[in-house]
Amino acid sequence: MKKYPIEKDFKIICLHLPFSKPFMKFAMPAQRILLKCVNVPKNLTSSVLKISGYKGNSFHAEFFEPAQQQKALPCILMIHGGAFGLMASPHHKKLAIRYAQELGCKVLFPDYHLMPDYPYPAGKEDVLSCYRYLCEHKDQLGIDINRIAVAGDSVGAVLAVYVAQFDWKDVPSPCGQMLVYPVTDAGQKTKSMQEYTDTPMWNAKSNAKMWKWYLAGTAETEKRNASP
């Protein structure tokens, strides 16, 4: 392993976590427990929506909104990262809550289908379904349909791009997108991919495995759409 200049504040989380298919499944029960431990503040309400996604398979999405609001509000479709195979972390949920609190908006936080059982295009179809659900249920959910933005970190940003780039014909397109350290290139030809091959937490080797598993069985003509 090379020596990298890492800020002392980050060294506590710079762990060499295993990235493997068994690890993804092993981590899921613990991740679900940790998510449930995140408290929702009293000035927000939280509900769980059931949405039909990839091949008709349903999944859940948590919906945060300011309590006692009287008018239609903007909404963020916030999509968590996790290498297409790991659930949201407590930090992701805390961010969703913070956006709802500090922006005074509503936030949809989906628990989309994950690989290895659900590679591309499962996650893509799920988040497209989320956006359509928000638009079609705007009155019930109290959403301003012209002010729905998409956001995501890492692979969540990739999924957000799918929504932003989609050719929406019967509903308005997202009003904006916020992409946090997006992993948008399956080609992996950038300088950082060549340089950071064994960094803690995430590196080029793990990134290559992620794209390989995510695109397993995907036709060559479709891989371009999968890698925005």
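All residue numbers in this chain count up from 1 along the given sequence.
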Spacing of Ile143 atom CD1 and Tyr133 atom OH [to the nearest 0.5 Å]: 9.5 Å
Which residues satisfy the ring-ring contact (aromatic ring centres under 6.0 Å, His included) test with Phe64, sequence neighbours excluded? none
I'd like to know if the side chain of Trp168 and the backbone of Val163 have a donor-acceptor N/O pair within less than 3.5 Å. yes
Path from Tyr214 to Tyr181 over hydrophobic side-chain contacts below 4.5 Å: no
Heavy-atom neighbours of Phe23 CZ exceed 12 at 6.0 Å: yes
Check whether any side-chain heavy atom of His92 lies under 4.5 Å from a side-chain heavy atom of Met87, and answer yes or no. no
Between the CD atom in Glu102 and the CG atom in Leu95, the distance rounded to the nearest 0.5 Å is 10.0 Å
Under 3.5 Å donor-acceptor, Gln31 side chain and Pro29 backbone: no
Listed by chain and number, what are the side-chain contact (heavy atoms from CB on, under 4.5 Å) partners of Val38, not counting sequence neighbours? Pro90, Lys93, Lys94, Ile97
Closest non-hydrogen atom pair, Pro228 against Gln165: CB-OE1, 4.1 Å
When clusters are formed by joining ILVMFWY residues with side-chain heavy atoms under 4.5 Å apart, either directly or through shared neighbours, do Ile79 and Val107 land in the same one? no
Go through the steps to decide whether His113 and Glu125 satisfy the test side chain to side chain contact (heavy atoms under 4.5 Å, CB included), and finish with yes or no. CA-CA 9 Å; His113 288 98; Glu125 295 299 326; over 6 Å; no
Would you compute the distance between atom CG of Asn207 and atom OG1 of Thr197 and round it to the nearest 0.5 angstrom? 12.0 Å
Walk me through it: do Val183 and Met210 pass the test side chain to side chain contact (heavy atoms under 4.5 Å, CB included)? CA-CA 11 Å; Val183 187; Met210 177 194 76; 3.8 Å; yes
What closest approach, in Å, do Asp126 and Gly53 show between heavy atoms, and which atom pair accounts for it? OD1-CA, 3.4 Å
Is any side-chain heavy atom of Pro116 closer than 4.5 Å to a side-chain heavy atom of Trp213? no
Which ring-ring contact (aromatic ring centres under 6.0 Å, His included) pairs, counting each pair once, include a residue from residues 188-207, with sequence neighbours left out? Tyr4-Tyr196, Phe19-Trp202
Using side chain to side chain contact (heavy atoms under 4.5 Å, CB included), reason through Val48 and Phe63 one step at a time and then give a plain yes or no. CA-CA 6 Å; Val48 177; Phe63 188 63; over 6 Å; no
Pairwise side-chain contact, Val158 with Lys124, heavy-atom cut-off 4.5 Å (strictly under): no
Heavy-atom pair with the smallest gap, counting every atom of Ile76 and Cys105: CD1-SG, 3.9 Å
Report yes if some heavy atom in the side chain of Pro200 is under 4.5 Å from a heavy atom in the side chain of Ile6; otherwise report no. yes
Residue set satisfying salt bridge (Lys or Arg N to Asp or Glu O under 4.0 Å) with Asp170, at least two apart, ordered chain then number -> Arg132
What one should report as the nearest heavy-atom pair of Ala72 and Arg147 is O-NH2, 4.4 Å
Just wondering, do Ile51 and Leu108 contact through their side chains at under 4.5 Å, heavy atoms? yes
Do side-chain atoms of Glu65 reach the backbone of Lys106 as a donor and acceptor pair under 3.5 angstrom? no
Backbone N/O of Leu134 and side chain of His137: donor-acceptor pair under 3.5 Å: no
For Lys209, which residues count as a salt bridge (Lys or Arg N to Asp or Glu O under 4.0 Å) partner, sequence neighbours excluded? none
Going only through I, L, V, M, F, W and Y residues with side-chain contacts under 4.5 Å, is there a path from Leu49 to Tyr112? yes
Residue pairs passing the side chain to side chain donor-acceptor pair (under 3.5 Å) test where at least one lies in residues 73-85, sequence neighbours excluded: none
Would you name the heavy atoms of Ser154 and Gly81 that are closest together and state the gap between them? CB-CA, 4.4 Å
Less than 3.5 Å apart, any donor N or O on the side chain of Tyr120 or Glu222 sitting next to an acceptor on the other? yes
Heavy-atom closest pair (Pro174 atom, Ala164 atom, distance to 0.1 Å) is CG-CA, 4.1 Å
With Tyr162, which residues qualify under ring-ring contact (aromatic ring centres under 6.0 Å, His included), at least two apart? none
Find out if a path of hydrophobic residues (ILVMFWY) with successive side-chain heavy-atom gaps under 4.5 Å connects Leu159 to Met178. no
Output for pair (Met115 CE, Lys21 NZ), nearest 0.5 Å, gives 8.0 Å
Note, Lys25 side chain near Asp117 side chain (heavy atom, < 4.5 Å): yes
Taking the side chain as C-beta and beyond, is there a heavy-atom pair between Asn146 and Cys175 under 4.5 Å? no
Applying a strict under-4.5 Å side-chain criterion to I, L, V, M, F, W and Y, I'd like to know whether Phe109 and Tyr131 cluster together. no
Sub-3.5 Å donor-acceptor pair from the side chain of Asp153 to the main-chain atoms of Gly156, do we have one? no
Before giving the answer on side chain to side chain contact (heavy atoms under 4.5 Å, CB included), spell out for Gln68 and Asn43 the whole-Å C-alpha distance, their side-chain angles and the decisive distance to 0.1 Å. CA-CA 9 Å; Gln68 302 178 342; Asn43 61 345; over 6 Å; no
Name all residues meeting the salt bridge (Lys or Arg N to Asp or Glu O under 4.0 Å) criterion together with Glu220; count only those two or more places apart in sequence or in a different chain, and write none if there are none. Lys223
For Pro119, all residues meeting side-chain contact (heavy atoms from CB on, under 4.5 Å), sequence neighbours excluded: none
Check whether the side chains of Glu62 and Ser46 place a donor and an acceptor atom closer than 3.5 Å, and report yes or no. yes
Residues at least two apart in sequence or cross-chain that pass side-chain contact (heavy atoms from CB on, under 4.5 Å) with Ser52, listed by chain then number, are none
Check side-chain contact (heavy atoms from CB on, under 4.5 Å) between Lys8 and all other residues, then give those that pass, not counting sequence neighbours. none
Taking atom types as modelled, find out whether His60 and Asp111 have a side-chain donor-acceptor pair closer than 3.5 angstrom. no
Linking Ile, Leu, Val, Met, Phe, Trp and Tyr by side-chain heavy atoms under 4.5 Å, what else ends up with Tyr54? Tyr118
Side-chain ion pair, Asp144 and Lys71, N-O less than 4.0 Å: no
Nearest 0.5 Å, what's the CZ-CE distance between Arg98 and Met78? 11.5 Å
Nearest 0.5 Å, what's the CD1-SG distance between Ile145 and Cys75? 11.0 Å
